[in-house]
Enquirer: 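Could you have a look at this structure, given as structure tokens, before my questions?
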There are 2 protein chains.
Amino acid sequence: MRRGIEFKKKARIIIVDDNYEHLSGIKELIEIESDFDVVATATSASVAISLIKKYRPEIVLMDINMPEKDGLTAIAEIEKLDLGVRIIALTGYDDPDLIFRAMKIGAKGYILKTMASAQLIYAIDEVAAGKIYLPATLSSRFFEYFQQSFKEETENTDDEENLLNYLTQREEEVLDLLTQGITYKGVAQKLFISETTVKTHVNNIFQKLQVNDRTQAVLYALNNGFLNRRKVKIAI
Amino acid sequence: MRRGIEFKKKARIIIVDDNYEHLSGIKELIEIESDFDVVATATSASVAISLIKKYRPEIVLMDINMPEKDGLTAIAEIEKLDLGVRIIALTGYDDPDLIFRAMKIGAKGYILKTMASAQLIYAIDEVAAGKIYLPATLSSRFFEYFQQSFKEETENTDDEENLLNYLTQREEEVLDLLTQGITYKGVAQKLFISETTVKTHVNNIFQKLQVNDRTQAVLYALNNGFLNRRKVKIAI
DNA sequence: CTTCTTATAGACCGGATGGTCTACACCTTT
DNA sequence: AAAGGTGTAGACCATCCGGTCTATAAGAAG
């Protein structure tokens with residue numbers, strides 16, 4: 001291990017893998033091929049969490065496929081601790097669902113065990129430098145999954161017949177207020193019109209949306225993309 | 001342009017950019033540096049859409065920053081046509097929100113105009129080969145944004161105080177039916193209890209959730225993860 | 001054994017909500 | 001000029017909804 005003119009502090013790493021062979025293999029690799037400091041290793045998620053609290057490493061390499069407590073749950077727990085630990089997920093499979101969930105809960109990188117060792121070192125380097133790193137192939141898989149989720153969502157909403165399209169602008173304003181749980185009186189005041197007028201609008205809305213009451217109207221609106229300019233949902 | 005033993009068909013490309021200088025620059029670059037076939041160019045989104053319908057290219061390079069109809073809307077429209085066109089977004093800025101939205105609506109790649117020309121060619125290559133391509137730096141930006149969205153979401157839901165936790169099992173059942181827009185009478189029938197009992201439960205629910213009516217209760221439930229085992233939302 | 005919680009249920013009341021009908025002013029389209 | 005759509009508004013009524021109070025039975029917790 002080189003010394004000397006190195007000023008940037010070596011990132012401390014904890015490695016978690018239930019398979020001891022893999023674990024020591026990775027440890028050796030990192031110690032030989034990089035300047036990172038493996039401060040601890042663990043073969044279970046719960047032990048890992050204690051070690052992380054103790055050592056406060058910059059980086060954690062976390063195997064996802066573990067018995068007992070699985071890696072994803074562990075990542076979520078560690079993230080919730082909010083210790084600034086940057087977690088890189090490790091698995092054998094490039095299952096897009098796994099990748100998606102890992103990145104969703106806050107993993108800063110995701111690499112396959114089958115990838116070249118240089119790839120692993122590079123990933124650690126990038127993540128230690130504050131970036132989020134996904135190899136191009138996994139990134140591609142992630143995005144396919146990601147886009148598919150959105151596609152299914154939008155197919156179910158603005159496709160075919162979205163009754164919301166029949167609403168006039170004023171009716172949309174009224175519905176918007178209804179989706180905030182406001183009463184007739186409140187809506188009347190907000191829009192500077194009489195309560196009766198609001199009722200008229202609301203009745204028209206009900207007819208257009210083919211519902212019987214405000215709750216159903218609100219649900220229809222929410223399920224059919226009424227506020228999707230601001231909030232968008234992903235089905236998972 | 002090389003010829004000869006090339007058997008794979010050349011991907012046909014349409015380039016869209018309101019700036020004519022850029023447009024011809026890119027066109028020339030592609031014609032000289034790659035084997036792709038620029039079948040058409042357009043300086044506006046609406047013209048582009050007509051051309052796409054006519055030529056059915058494999059790839060579209062779409063500038064995002066355009067007056068009149070902006071690139072994102074254009075991408076959404078083209079995706080809705082479902083012609084199998086693979087769109088690569090082009091901009092000057094690495095705004096994560098733009099990247100997120102572009103990828104969300106189906107862009108298969110995203111590159112900056114400031115990037116090296118080889119990068120562009122590489123991106124087209126990858127996308128033409130069926131992959132989704134984001135340069136590492138943009139990918140990193142995307143994921144930061146993506147994770148932040150989820151973090152805010154979960155912070156607002158299962159964190160701190162989720163009043164839903166105070167509900168009894170029976171109250172949850174009642175609330176579940178309320179979130180389907182069912183009346184007292186309906187709930188009573190479904191649960192085989194009297195209407196009065198339902199009212200009692202509902203009143204208790206209101207108090208626990210600190211709301212005044214069913215609409216607000218439904219909204220609270222929906223916004224605080226009441227059904228989030230099935231659907232998860234991303235704030236955008 | 002007593003207390004607390006939960007689920008059940010009735011009574012009563014006022015106000016909110018939904019249904020229907022009518023009416024008028026304004027605008028756009030024909 | 002006539003017709004249609006939209007936003008406004010009133011009247012009337014039946015019902016639904018929400019608030020409050022009381023009460024009982026079953027089970028859990030102490």
Side-chain angles (χ1 to χ4, degrees), chain A residues 158 160-227 229, chain B residues 158 160-227 229:
Chain A
D158 52 38
E160 45 172 316
E161 279 282 284
N162 192 334
L163 300 176
L164 289 171
N165 296 144
Y166 299 142
L167 297 184
T168 67
Q169 216 175 340
R170 198 56 160 170
E171 286 162 355
E172 281 190 8
E173 288 181 66
V174 174
L175 181 55
D176 183 43
L177 294 174
L178 288 192
T179 61
Q180 294 170 38
I182 302 179
T183 67
Y184 283 158
K185 207 171 287 181
V187 174
Q189 284 174 6
K190 290 226 174 198
L191 298 183
F192 302 107
I193 55 181
S194 92
E195 210 176 320
T196 332
T197 307
V198 178
K199 286 180 57 174
T200 309
H201 286 313
V202 171
N203 268 296
N204 291 335
I205 293 172
F206 289 167
Q207 292 203 354
K208 290 188 179 177
L209 301 188
Q210 296 168 23
V211 298
N212 305 310
D213 56 54
R214 58 204 299 116
T215 309
Q216 288 175 15
V218 168
L219 289 171
Y220 186 93
L222 261 38
N223 288 328
N224 291 84
F226 187 63
L227 285 176
R229 280 134 246 170
Chain B
D158 52 39
E160 47 173 313
E161 281 281 285
N162 192 335
L163 299 177
L164 288 171
N165 296 143
Y166 298 141
L167 298 184
T168 68
Q169 217 176 339
R170 198 57 160 170
E171 285 162 357
E172 280 191 9
E173 288 181 66
V174 174
L175 181 54
D176 183 43
L177 294 175
L178 288 192
T179 60
Q180 294 170 38
I182 302 180
T183 67
Y184 283 159
K185 207 172 287 181
V187 175
Q189 285 174 6
K190 290 225 173 200
L191 298 183
F192 303 106
I193 55 182
S194 94
E195 210 176 320
T196 334
T197 307
V198 178
K199 286 179 58 175
T200 309
H201 286 312
V202 170
N203 266 295
N204 291 334
I205 292 172
F206 289 168
Q207 292 202 353
K208 289 186 179 178
L209 300 187
Q210 296 168 23
V211 298
N212 305 310
D213 55 54
R214 58 205 298 116
T215 309
Q216 288 176 14
V218 168
L219 289 172
Y220 186 93
L222 263 38
N223 287 329
N224 292 84
F226 189 63
L227 286 176
R229 280 134 247 169

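So you know, we letter chains A, B, ... as the sequences are listed, proteins then strands, and number each from 1.
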Enquirer: May I ask you to evaluate whether A:Y184 reaches the phosphate of C:dG18, defined as a side-chain N or O under 4.0 Å from OP1 or OP2?
Expert: yes
Enquirer: If we only count heavy atoms from C-beta on, is the B:N224 to B:L209 side-chain gap below 4.5 Å?
Expert: no
Enquirer: When you measure from the side-chain N and O atoms of B:T200 to the phosphate of C:dT8, is any distance below 4.0 Å, counting only OP1 and OP2?
Expert: no
Enquirer: Output the rounded distance in Å from CG (A:D213) to P (C:dG19).
Expert: 8 Å
Enquirer: From NZ of B:K208 over to P of D:dG18, roughly how many Å is that when rounded to an integer?
Expert: 17 Å
Enquirer: Using whole Å, what does the distance between atom P of nucleotide C:dA7 and atom CG of B:L175 come to?
Expert: 13 Å
Enquirer: Round to a whole Å and report the spacing from CZ of B:R214 to C1' of D:dC17.
Expert: 7 Å
Enquirer: Quick one: B:Q216 CD to C:dA16 P, roughly how many Å, whole number?
Expert: 14 Å
Enquirer: Starting at NZ of B:K190, measure out to CG of B:L177 and round the result to the nearest 0.5 Å.
Expert: 6.5 Å
Enquirer: Categorize A:K199 for me: base, sugar-phosphate, or nothing, with a 4.0 angstrom heavy-atom threshold over every strand shown.
Expert: base
Enquirer: Just checking B:N204: base, sugar-phosphate only, or nothing, at a heavy-atom cut-off of under 4.0 Å?
Expert: nothing
Enquirer: Closer than 4.0 Å, any side-chain N/O of A:T168 to the OP1 or OP2 of D:dG5?
Expert: no
Enquirer: Measure the distance from CG on A:L178 to P on C:dT17 and round it to the nearest whole Å.
Expert: 9 Å
Enquirer: In Å and rounded to the nearest 0.5 Å, what is the CD to CG distance from A:E172 to A:N165?
Expert: 8.5 Å
Enquirer: If we ignore hydrogens and angles and just use 3.5 Å, is the side chain of B:Q216 paired with the main-chain N or O of A:G181 as donor and acceptor?
Expert: yes
Enquirer: Would you say A:T196 reaches D:dA11's phosphate, i.e. side-chain N/O to OP1/OP2 under 4.0 Å?
Expert: no
Enquirer: Quick one: B:F192 CZ to C:dA7 P, roughly how many Å, whole number?
Expert: 18 Å
Enquirer: At less than 4.0 Å, is any side-chain N or O atom of B:T197 found next to OP1 or OP2 of C:dT8? Yes or no.
Expert: no
Enquirer: On DNA chain C, check which nucleotide each of A:V211 and B:L191 is closest to and give me the residue with the more 5' one.
Expert: B:L191
Enquirer: Would you mind telling me which of C:dT17, C:dA9, D:dG19 lies closest to the side-chain atoms of B:S194?
Expert: C:dA9
Enquirer: Do the side-chain N or O atoms of B:R170 get closer than 4.0 angstrom to the phosphate oxygens (OP1, OP2) of C:dT8?
Expert: yes
Enquirer: For the pair made of NE2 in B:H201 and P in C:dA7, what is the distance, rounded to whole Å?
Expert: 6 Å
Enquirer: Is there a side-chain contact between B:N203 and the phosphate of D:dG18, meaning an N or O under 4.0 Å from OP1 or OP2?
Expert: no
Enquirer: Could you give the distance from CG (B:L191) to OG1 (B:T197), rounded to the nearest 0.5 Å?
Expert: 10.0 Å
